[in-house]
Structures are given as C-alpha cells and as structure tokens.
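In what follows, chains carry the letters A, B, and so on, assigned in the order in which the sequence lines appear, proteins first and then strands, with residues in each chain numbered from 1.
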Number of protein chains: 2
Amino acid sequence: MNTNHSQAFLALGDPTRQLLMERLAKRPMPVGKLAAGLSISRPAVSQHLKVLHNAGLVTVQQEGTRNIYHIDPRGVEAMRTYLDRFWDRALAAFKRAAEEDME
Amino acid sequence: MNTNHSQAFLALGDPTRQLLMERLAKRPMPVGKLAAGLSISRPAVSQHLKVLHNAGLVTVQQEGTRNIYHIDPRGVEAMRTYLDRFWDRALAAFKRAAEEDME
DNA sequence: CGTATCGGTAAGCTGTTACTTACCGTAAAT
DNA sequence: ATTTACGGTAAGTAACAGCTTACCGATACG
C-alpha cells in the first residue's frame, strides 16, 4: 500500500505492533482473536492494525463479519532490501575508512 | 550497545534519523557537518544521534574536539537478520494458508 | 424481522517525542 | 592565558502517539 520506509520502521518500532506481527506471522487471524491474548482493548488493536496496514505490512481479507489480517510479505521484503542497500553502503564506508587509516 | 529491535526500528522510524543514517552511510561525519545540511538545529541533531547510539546503530570516535559518528554495521545487521526470520515465517504461513485454500 | 457478533471510528486524556534557546565543558589555536 | 570551535545537556513547549470508553454500521443467525 505504501513504499515509505519511515512508516514501516515506525510501525515496527512499537512493541505491541511487533507482537501483533509475530502473532500474524504464525497464522492469519481475525481482530478479536488477536486482541484476546493482549492486555490492551480491541479498539487499540484495531488502531495498531490500521498503522500496520498503512505501512504496507499487513493485508485484510474480509470473511463474513470477520476481518482476517495477514502479513504482507512485500512490505517486509521492502524493508529487508532497504536495509540491504543500507548495510552495503555502511560496509563500503568502513572499508574506505580502514584503508585511509592504513596510510 | 543494545540488542533490542524495538529501539532500532523506532530509531529508523523517524525521517530525520533516517536521513542522518543515509548521510553517515556515505561517509563518517562530525556532528557539525551533519547538522549543516539540515533545517533543524545542531542540538536537535545531537539528540537524534543519542537515540541512534542507544539503538546500537552508530558509534562515536572522538578526534580532538570533533565527535565523528559512524554507522555501526552490527546494529544494521541485527535488524536485517530479525527481518529475515520474520519474513521466512510470514512466507511459511502464506504457503500453509494457500494449501488450506486448495482443499 | 429482531438480536448478537464483529470490528472500525470518534472524542478525549495522558505520556512521550521532537524541537527550540540557553548554557557549560573540553580541546585546540593564537 | 584568552579565545575560538565543537558538541553535549537542561529546561520548556507544542505536537503527536497510544490508550480508553462510547458509539455505530454491517453481516449472520434465531
């Protein structure tokens, strides 16, 4: 839904949302079931899911009156590849710095 | 400095800190130089760097009166591997769901 | 139909975050 | 030794994030 990295990282920065994602990684679930295990209210879970959805990290699949949430692997992969590029550049900078120190 | 994912993701969730990281990925830099290009004050940059440092994403190297900041590849890699595991589980869940839909 | 289940939205409170300016310590340079 | 450069910390403020309760629409079920 979105290619903005900031939103995705911000979304995963919250411990509760991280927990939701880990639960959803195990199996897709409706909102009520997700909320059942947590100490926060169901509306709070809905709000967290909205954030995750806007960040492109989950998808919804309506099934009768239930809204089943799934992890969106595309969103996770976008973060992965972003970090990959990032990491490469960081390592390159380190090598460069190391070589300069050699002289 | 820290193995907590939440802190790292939270840190990268802020657009300003993302920008700082991308600048530092190109080359290590002192605080003043980092602040020069931005629209926010130098103390604000210091505060952001503190967050990044606590998240284990940057290291400092004192050089005279300058504090040179570097990306810490270990921190970045920790996020990468966390996402890797995460992504794997998400894909597995998807396969499982797809198989169930087949029946 | 009416009623229950499910879940998203609104309004409001509270703690936290990102910024500012002002200040202070430390290292180098004159 | 004074001055300049650099950068971290303190205090205060304004915006924002996360929570709650109350409410409402929509599907399924009697």
Side-chain angles (χ1 to χ4, degrees), chain A residues 1-2 4-24 27-72 75 97, chain B residues 1-2 4-24 27-72:
Chain A
M1 183 153 242
N2 207 314
N4 190 343
H5 309 301
S6 289
Q7 277 187 277
F9 283 106
L10 198 62
L12 274 190
D14 184 278
T16 301
R17 284 194 290 265
Q18 242 182 61
L19 211 165
L20 291 178
M21 287 292 280
E22 300 195 4
R23 289 265 214 104
L24 289 179
R27 71 190 74 261
M29 253 187 276
V31 178
K33 199 164 186 178
L34 267 173
L38 304 182
S39 57
I40 62 175
S41 70
R42 188 197 44 74
V45 172
S46 267
Q47 288 159 13
H48 280 303
L49 287 171
K50 190 179 187 179
V51 173
L52 290 171
H53 188 250
N54 287 338
L57 292 174
V58 299
T59 58
V60 205
Q61 171 191 347
Q62 189 166 358
E63 211 159 274
T65 164
R66 288 193 179 82
N67 283 10
I68 317 275
Y69 278 82
H70 304 251
I71 295 255
D72 189 341
Chain B
M1 183 155 240
N2 206 312
N4 191 344
H5 310 302
S6 289
Q7 275 188 277
F9 283 107
L10 200 60
L12 274 190
D14 184 279
T16 302
R17 285 193 289 266
Q18 241 182 60
L19 212 165
L20 291 177
M21 287 292 280
E22 300 195 3
R23 290 265 214 104
L24 289 179
R27 71 190 72 262
M29 254 187 272
V31 178
K33 199 164 187 178
L34 266 174
L38 304 182
S39 57
I40 61 175
S41 69
R42 186 196 45 72
V45 172
S46 266
Q47 287 159 13
H48 280 303
L49 287 171
K50 191 179 187 178
V51 173
L52 289 171
H53 188 250
N54 287 338
L57 291 173
V58 299
T59 58
V60 206
Q61 171 191 347
Q62 190 167 358
E63 211 159 274
T65 165
R66 288 193 180 83
N67 282 10
I68 317 275
Y69 278 82
H70 304 251
I71 295 254
D72 189 340

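The side-chain contact (heavy atoms from CB on, under 4.5 Å) test with A:Arg17 singles out one residue from A:Val45, A:Val58, A:Val51, A:Leu57, and that residue is A:Val51.
As a whole-Å value, the separation of B:Met29 CE from D:dC6 C1' is 16 Å. In this structure, the CD1 atom of B:Ile40 is 8 Å from the C1' atom of C:dA18, given to the nearest Å. Distance B:Leu49 CG to C:dA18 P: 13 Å, rounded to the nearest Å. Atom P of nucleotide C:dT17 and atom CG of A:Asp14 are separated by 11 Å, given to the nearest angstrom. Residue B:Glu63 contributes atom CD, which lies 15 Å from atom C1' of D:dA5 at whole-angstrom precision. For the pair B:Gln61 CD and D:dG7 C1', the computed distance is 16 Å after rounding to whole Å. The CD atom of B:Gln7 sits 14 Å away from the P atom of C:dT16 (whole-angstrom rounding). Regarding A:Asn54, its CG atom lies at a distance of 10 Å from the P atom of C:dT9, rounded to whole Å.
Among the nucleotides D:dT20, C:dC19, C:dG8, the one closest to the side chain of B:Thr16 is C:dC19. Closest contact between the side chain of B:Val31 and the listed nucleotides C:dA11, D:dT9, D:dG7 involves D:dG7. Closest approach to the B:Arg17 side chain among C:dC19, D:dC19, C:dA18 is made by C:dA18 (side chain taken as heavy atoms from C-beta onward). Candidate nucleotides C:dG8, D:dG8, C:dC6 were compared by shortest atom distance to the side chain of A:Tyr69, and C:dG8 ranks first. Of the candidates D:dG8, D:dC19, C:dT9, D:dG8 carries the atom nearest the B:Arg42 side chain, counting heavy atoms from C-beta on. You'll find that the side chain of A:Ser46 is closest to C:dG7, out of C:dC19, D:dG7, C:dG7.
Counting heavy atoms from C-beta outward, A:Leu34 and A:Leu49 have side chains that approach closer than 4.5 Å. At least one side-chain heavy atom of B:Arg23 sits under 4.5 Å from a side-chain heavy atom of B:Leu38. Between B:Arg42 and B:Ser46 the shortest side-chain heavy-atom distance falls below 4.5 Å. Side-chain contact check for B:Leu24 versus B:Met29: some heavy-atom pair is nearer than 4.5 Å.
Of the side-chain N and O atoms in B:Arg66, one or more sit less than 4.0 angstrom from OP1 or OP2 of D:dC6. Contact annotation: B:Thr65 does not reach the phosphate of D:dC6 (side-chain N/O to OP1 or OP2, under 4.0 Å). For D:dG8, the OP1/OP2 oxygens have a side-chain nitrogen or oxygen of B:Asn67 closer than 4.0 Å. Between A:Lys50 and C:dG7 there is no side-chain polar atom (N or O) within less than 4.0 angstrom of OP1 or OP2.
B:Pro30 comes within contact range of the sugar-phosphate backbone alone, with a heavy-atom separation under 4.0 Å but no base atom that close.
Of the two residues near DNA chain D, A:Ser39 and B:Gly32, the one whose nearest nucleotide lies more 5' is B:Gly32.
Note that the CG atom of A:Asn67 and the CD atom of A:Gln61 stand 10.0 Å from one another [nearest 0.5 Å].
Contact of A:Gln62 with D:dT27 (side chain to base): no donor-acceptor pair of N or O atoms is detected under 3.5 Å. Applying the 3.5 Å distance criterion, the base of D:dT20 shares a donor-acceptor pair with the side chain of A:Gln47.
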